[in-house]
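Note sheet for the following structure.
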2 protein chains.
Amino acid sequence: MTAPHTNVQKISEMASRHLSSLSVDCVVFGFHKNEMKVLLLKIPYKDEWALPGGFILRDESAENAASRILKERTGLDGVFLRQFHVFSDPGRVKPRDHRDNLTRMNIPENDIKWLCSRFVTIGFYALVDYTRAVPTPDEFTTRSEWRDLTDPGMLMMDHRVIVNTALDTLRLQLNNLPIGYNLLREKFTMPELQKLYETILGRKLDRRNFQRKILSYRILLRLDERKTGVAHKAPVLYRFDYDGYHRALEEGLKGGF
Amino acid sequence: MTAPHTNVQKISEMASRHLSSLSVDCVVFGFHKNEMKVLLLKIPYKDEWALPGGFILRDESAENAASRILKERTGLDGVFLRQFHVFSDPGRVKPRDHRDNLTRMNIPENDIKWLCSRFVTIGFYALVDYTRAVPTPDEFTTRSEWRDLTDPGMLMMDHRVIVNTALDTLRLQLNNLPIGYNLLREKFTMPELQKLYETILGRKLDRRNFQRKILSYRILLRLDERKTGVAHKAPVLYRFDYDGYHRALEEGLKGGF
DNA sequence: TCAAAAGTGTTCTAACTACACCCATGG
DNA sequence: CCATGGGTGTAGTTAGAACACTTTTGA
């Protein structure tokens with residue numbers, strides 16, 4: 001792109017009035033050992049974690065940006081991904097923090113002034129199979145880790161708020177989302193599925209009623225095998241009936257949890 | 001703001017890589033004569049309508065921008081307003097249309113180049129009392145009108161998609177939204193409230209079951225008066241019990257419609 | 001006086017809740 | 001061999017769907 005032939009002052013006015021620095025941040029949910037996990041990046045020289053995110057590139061949609069970032073951070077393609085909220089409060093970034101972040105990204109001092117005007121991010125949440133995702137740090141972070149959702153540590157900027165909002169959205173949309181399909185491995189047991197729902201909802205469910213209800217949706221295929229190497233009675237394995245699942249989700253799981 | 005002392009080429013790169021033109025568009029719902037209405041602005045010299053919207057100003061949040069615009073277009077303050085989706089598909093605006101719009105807004109030719117890179121909008125929906133809102137055109141449109149939701153006419157760009165997405169969201173969130181509280185006048189009859197729900201849902205509800213259900217939520221106060229000047233038996237007037245309503249909404253209207 | 005709309009009650013059914021019992025397994 | 005977790009069944013309660021009758025009013 002060639003520079004427009006206009007004076008710098010004019011551009012400055014336009015940029016400050018009409019342009020925003022626009023990014024996406026991904027809340028990547030996983031499920032492991034009966035715990036909900038979030039994928040976070042460690043900020044070097046600080047006891048803080050950040051959500052994987054980045055700028056939306058020219059000529060790509062926000063959805064595209066989010067799935068590109070996800071692929072980079074987890075190695076996964078075709079992940080379940082959905083936008084849930086825009087965070088645009090001018091106070092969401094302390095100018096000091098913002099400057100630090102941009103400096104870390106090797107953005108020249110002069111350009112930082114441009115980006116400091118407003119910093120809007122679109123929140124996405126993703127549901128991924130914990131066992132298949134490989135946490136991968138980016139060039140600005142030291143490492144990438146699955147952290148406990150309940151106790152992820154100190155989060156940068158308003159990222160804690162973003163995570164909480166994502167979780168609230170997840171709960172609200174629970175009955176219209178392919179939760180199990182994306183968060184569990186292909187084969188899973190009934191108690192595992194129940195634990196998943198309990199963890200997301202934050203409350204206990206009755207074992208027998210849960211089983212009856214979830215089976216009534218006709219979204220599960222009971223397999224002719226049982227989980228091996230477990231204590232006590234070996235539970236039966238299930239997998240999702242893809243067609244049935246998506247048919248049911250369009251209506252929403254009636255009654256719901 | 002003073003211009004940063006850097007060369008034009010550099011700014012151009014930064015802007016095109018990291019900055020977006022960011023706006024809000026409001027889908028303003030009203031309810032009148034058993035019809036859902038949307039507030040639209042007429043584009044001059046074209047047989048097209050547009051959603052009221054505008055750029056987010058420096059140092060204001062998207063929410064702020066939306067409620068500011070709403071105040072300008074309807075004269076209403078403290079309106080129920082909620083963001084529902086970001087539209088960022090690079091193909092959502094035909095470059096030709098975009099250029100026309102910006103030219104109409106008296107934005108100089110040179111600056112238009114900046115804004116053409118990407119054009120992202122945050123969709124908000126609003127629920128307002130039809131009888132109190134006064135449609136007010138902005139400086140770029142000839143008039144402002146309540147249009148039928150089912151047949152609003154030709155809409156500019158992807159605004160039809162935005163309206164449809166807003167309606168889908170409204171239906172999904174119906175049981176967690178103060179629908180009646182915001183769309184009806186202070187006093188209303190049970191049939192009016194039912195018609196509202198039926199219109200949003202797009203299907204008939206049983207008169208008697210609706211009444212029993214809505215009353216069981218304990219969100220209505222039955223008044224000691226009836227609607228006057230109507231044919232047939234005069235229906236009783238109700239108004240909302242504000243406290244009860246908001247208590248009930250936190251849980252969601254259980255069961256729902 | 002009658003058609004059309006509003007107010008109220010009843011019945012039937014399906015879904016949810018809360019349990020009790022038996023089975024399989026590893027320590 | 002027994003504690004623990006998994007599979008299945010049942011009774012009581014509640015919420016939802018379908019439906020009938022009476023009341024009020026303007027035309």
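Every chain is numbered from 1, with letters handed out A, B, ... down the list of sequences. What you see is a predicted model; the values in this text were computed from it and never measured.
Contact of A:R207 with D:dG5 (side chain to base): no donor-acceptor pair of N or O atoms is detected under 3.5 Å. Side-chain atoms of A:R208 and base atoms of D:dG7 include no donor and acceptor less than 3.5 Å apart.
Taking five base pairs at each end of the helix from C:dT1-D:dA27 to C:dG27-D:dC1 and finding the rotation axis that steps the C1' atoms of four pairs onto the next four gives two axes whose angle is 10°, to the nearest 10°.
For the side-chain contact (heavy atoms from CB on, under 4.5 Å) test with B:L167, the passing option among B:V163, B:L170, B:T169 is B:L170; the others fail.
If you check C:dC19, D:dG7, C:dG7 against the side chain of B:Q211, the one that comes closest is C:dG7. For A:V236, taking side-chain heavy atoms from C-beta onward, the closest of the listed nucleotides C:dT17, C:dG9, D:dG7 is D:dG7. Relative to the side chain of B:N209, the nucleotides D:dG9, D:dA17, C:dA5 differ in distance, and D:dA17 lies closest. Of the candidate nucleotides C:dA6, C:dA3, C:dC23, C:dA3 has the atom nearest to the side chain of B:H232. Here the side chain of B:K233 is nearest to one of C:dC23, D:dG26, D:dT23, namely D:dT23.
Position along DNA chain D of the nearest nucleotide to A:R212 versus A:A234 favours A:A234 as the more 5'-ward residue.
Using a 4.0 Å cut-off between charged side-chain N and carboxylate O, B:D148 and B:K37 make a salt bridge. The pair B:E198-B:K195 meets the salt-bridge criterion, since a charged nitrogen lies less than 4.0 angstrom from a carboxylate oxygen.
Taking the ring axis of A:F257 as reference, the NZ or CZ atom of A:K213 stays within 45° of it and closer than 6.0 Å to the ring centre.
Contact detail for B:V28 and B:P52: the closest heavy-atom pair is CG2-CG, 4.3 Å.
Relative ring orientation between A:Y245 and A:Y181 is described as perpendicular, the plane-to-plane angle rising above 60° on a 0-90° scale split at 30° and 60°.
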